[in-house]
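The structure appears right after this line, and notes come after that.
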Amino acid sequence: MFRFPDHPWRNGGIALVFALTGSMAFAMDDMAKSMAPDMLEWGAGPPTLPEGAELAVLSGNPMEAGPFVVRLRFPDGFAVPPHTHPTAEHVTVISGTLLFAHGEDPATAEPQQVAAGGFIMIPPDHPHRATAEGETVIQINGEGPFAVTYLDPANDPRGQTN
């Protein structure tokens with residue numbers, strides 16, 4: 001099993017982070033498995049997101065080729081500026097509300113409210129942004145490797161210093 005260390009990606013490589021993430025993360029094999037919500041191990045979000053996000057890996061490794069499932073927890077008002085991903089993203093809102101805007105200019109697009117139980121399918125390379133309304137938990141199912149490209153490079157937290 002994997003072990004989720006305390007915030008290792010703030011000081012090191014992201015590949016190592018996801019390789020070590022989530023002691024309860026399930027490897028992809030032919031065994032059925034289940035996980036209760038209280039079994040999730042949350043840690044700081046990846047360096048591709050602004051500070052304040054928390055991450056739990058449920059299955060797979062988002063940094064490697066192949067399927068993965070992660071949950072992200074955002075505090076009220078947490079915002080991910082306009083960005084894209086090279087692979088499709090399947091997002092389910094578990095709790096709270098996600099304000100989701102997309103299209104040619106997601107910075108000015110009118111956001112849609114996606115409440116708990118709602119689903120968003122985002123095609124590869126499709127510009128979008130998101131803001132949490134209240135504490136919000138989302139689940140992302142996708143194919144790795146997972147990557148984020150900000151439309152405005154100045155919004156990329158990997159290049160910012162505290």
Side-chain angles (χ1 to χ4, degrees), residues 4 7 9-10 13-19 21-22 25-28 35 37 40 42-161:
F4 192 82
H7 309 98
W9 47 80
R10 301 287 179 207
I14 191 167
L16 175 63
V17 170
F18 284 110
T21 301
F26 295 133
M28 298 305 289
M35 181 186 297
L40 297 180
W42 294 93
T48 55
L49 295 179
E51 281 198 45
E54 293 180 279
L55 172 77
V57 175
L58 280 68
S59 177
N61 181 337
M63 297 312 298
E64 295 179 358
F68 70 86
V69 181
V70 298
R71 286 198 183 164
L72 289 162
R73 182 165 48 199
F74 303 134
D76 182 33
F78 183 87
V80 183
H83 64 282
T84 62
H85 307 281
T87 57
E89 197 176 18
H90 299 87
V91 180
T92 303
V93 179
I94 303 295
S95 64
T97 301
L98 195 67
L99 302 176
F100 175 75
H102 66 103
E104 289 299 316
D105 186 5
T108 60
E110 185 67 28
Q112 304 166 333
Q113 280 192 334
V114 184
F119 176 78
I120 306 164
M121 201 305 272
I122 307 166
D125 302 314
H126 186 77
H128 59 284
R129 67 179 166 94
T131 303
E133 191 172 80
E135 182 179 272
T136 300
V137 175
I138 63 171
Q139 180 168 302
I140 300 175
N141 296 51
E143 288 285 327
F146 186 77
V148 178
T149 302
Y150 287 92
L151 299 186
D152 179 350
N155 289 329
D156 191 332
R158 293 167 287 193
Q160 300 173 4
T161 57

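Taking each heavy atom of Pro62 and Val70 in turn, the nearest pair found is CG-CG1, 3.6 Å. The heavy-atom pair separating Leu72 from Pro46 by the smallest distance is CD2-CD, 4.3 Å. A pairwise comparison of heavy atoms in Ala101 and Ala109 identifies CB-O, 3.7 Å as the closest pair. The minimum heavy-atom distance between His83 and Pro81, with the atom names listed, is ND1-O, 2.8 Å. What you find for Ala88 and His90 is that their closest heavy atoms are CB-CE1, 4.1 Å.
Judged as a side chain to side chain donor-acceptor pair (under 3.5 Å), and not counting sequence neighbours, the contacts of Glu89 are His85, His128. By the salt bridge (Lys or Arg N to Asp or Glu O under 4.0 Å) test, Arg71 is found to be paired with no residue, residues two or more places apart in sequence or in another chain being considered. When the side-chain contact (heavy atoms from CB on, under 4.5 Å) test is applied to Ala107, the partners found at least two apart in sequence or on another chain are Pro82, Asp105. Every residue two or more places apart in sequence or in another chain was checked for a salt bridge (Lys or Arg N to Asp or Glu O under 4.0 Å) with Glu135, and none qualifies. With sequence neighbours excluded, no residue satisfies side chain to side chain donor-acceptor pair (under 3.5 Å) with Arg129. Scanning for side chain to side chain donor-acceptor pair (under 3.5 Å) contacts around Asn155 gives an empty result, with sequence neighbours left out. Every side-chain contact (heavy atoms from CB on, under 4.5 Å) that Ala130 has, sequence neighbours left out, goes to Leu98.
Side chain of Tyr150 to main chain of Thr48: a donor-acceptor pair is present (N/O by atom type, distance under 3.5 Å, no hydrogens or angles).
Sorted by first and then second residue, the salt bridge (charged side-chain N to carboxylate O under 4.0 Å, His left out) pairs involving residues 140-158 (not counting sequence neighbours) are Asp156-Arg158.
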Could you walk me through whether Phe74 and Leu49 pass the side chain to side chain contact (heavy atoms under 4.5 Å, CB included) check?
CA-CA 10 Å; Phe74 303 134; Leu49 295 179; 4.3 Å; yes

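We find the CZ-OG1 distance between Phe100 and Thr131 to be 11.5 Å, quoted to the nearest 0.5 Å. Rounding to the nearest 0.5 angstrom, the gap separating the CG atom in Leu40 from the CD atom in Glu54 is 11.0 Å. The distance from the OG1 atom of Thr136 to the CD1 atom of Ile94 is 11.5 Å, given to the nearest 0.5 Å.
Side chains of Asn141 and Gln139 form a contact here, defined as non-hydrogen atoms less than 4.5 Å apart.
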Below 3.5 Å, can you tabulate the donor-acceptor pairs from side chains in residues 111-127 to any protein atom, sequence neighbours excluded?
{"from": "Gln113", "atom 1": "NE2", "to": "Glu133", "atom 2": "OE1", "distance (Å)": "3.0"}
{"from": "His126", "atom 1": "NE2", "to": "His102", "atom 2": "ND1", "distance (Å)": "2.9"}

